[in-house]
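As structure tokens, the structure follows; a few thoughts come after it.
Atom set for the values below is all heavy atoms of this structure, side chains included, hydrogens, waters and symmetry mates excluded.
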Amino acid sequence: MKIAIASDHAAVDLKAELAGWLRAEGHEVDDLGPATADRVDYPDFGYKLAAAVASGAAERGIALCGSGIGISIAVNRNPACRCALVSEPLSAALAREHNDANVLALGARLTGADMARACVTAFLSTQFGGGRHSGRVEKLSQPAL
């Protein structure tokens, strides 16, 4: 699977760890940055990740920042993205099964590497359930204002 991954400075170490692990698992990983822990703004990297997923350049995305909150908000500004902030594998699986989430967000200051890998595994291995969820997911990309 082609996966885009991006973070802010607070999550650069977890991003590198997850990217290496995903490559070892056979996935094609596009690391969208940053490359160092120098201070950056999470919206810039969230928007870049959202564009990669929305364009089809990546099938799924993984967004990381200190809490996971800021970057998930940035990704969700793109109507083609459904980014779910999770902290454990059941939520990651349900985000795929019920919400057809195409981006997973994690907080590097709140989630350890082992738990992050478990969440990513659940996210990547769970299929969208369709059925009664399909209409709801369609509405997410077409907000009624």
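With a 4.5 Å cut-off on side-chain heavy atoms, Cys81 and Asn102 count as touching. Within the 4.5 Å cutoff, side-chain heavy atoms of Leu22 are placed close to those of Leu124. Phe128 places a side-chain heavy atom less than 4.5 Å from the side chain of Val137.
Considering every non-hydrogen atom in both Pro34 and Ser7, the closest pair reads CD-O, 3.0 Å.
Applying the salt bridge (charged side-chain N to carboxylate O under 4.0 Å, His left out) test to pairs two or more places apart or on separate chains, those with a residue in residues 57-85 are Arg82-Asp100.
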Check against side chain to side chain contact (heavy atoms under 4.5 Å, CB included), His98 and Arg136
CA-CA 9 Å; His98 291 187; Arg136 297 170 186 151; over 6 Å; no
Please evaluate residues Trp21 and Val120 with respect to the criterion side chain to side chain contact (heavy atoms under 4.5 Å, CB included), reporting the C-alpha separation (whole Å), side-chain torsions for both, the decisive distance (0.1 Å), and the verdict.
CA-CA 11 Å; Trp21 168 71; Val120 171; 3.6 Å; yes
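For the atom pair Lys2 NZ and Glu28 CD, the distance stands at 4.5 Å (nearest 0.5 Å). Taken from CG in Leu49 to CG in Leu64, the straight-line distance is 9.0 Å, to the nearest 0.5 Å. Between atom CG of residue Leu110 and atom SG of residue Cys65 there is a gap of 9.0 Å, rounded to the nearest 0.5 Å.
Here the side chain of Thr111 pairs no donor or acceptor atom with the backbone of Ala108 at under 3.5 angstrom.
When the side-chain contact (heavy atoms from CB on, under 4.5 Å) test is applied to Asp31, the partners found at least two apart in sequence or on another chain are Ile5, Lys15, Arg23.
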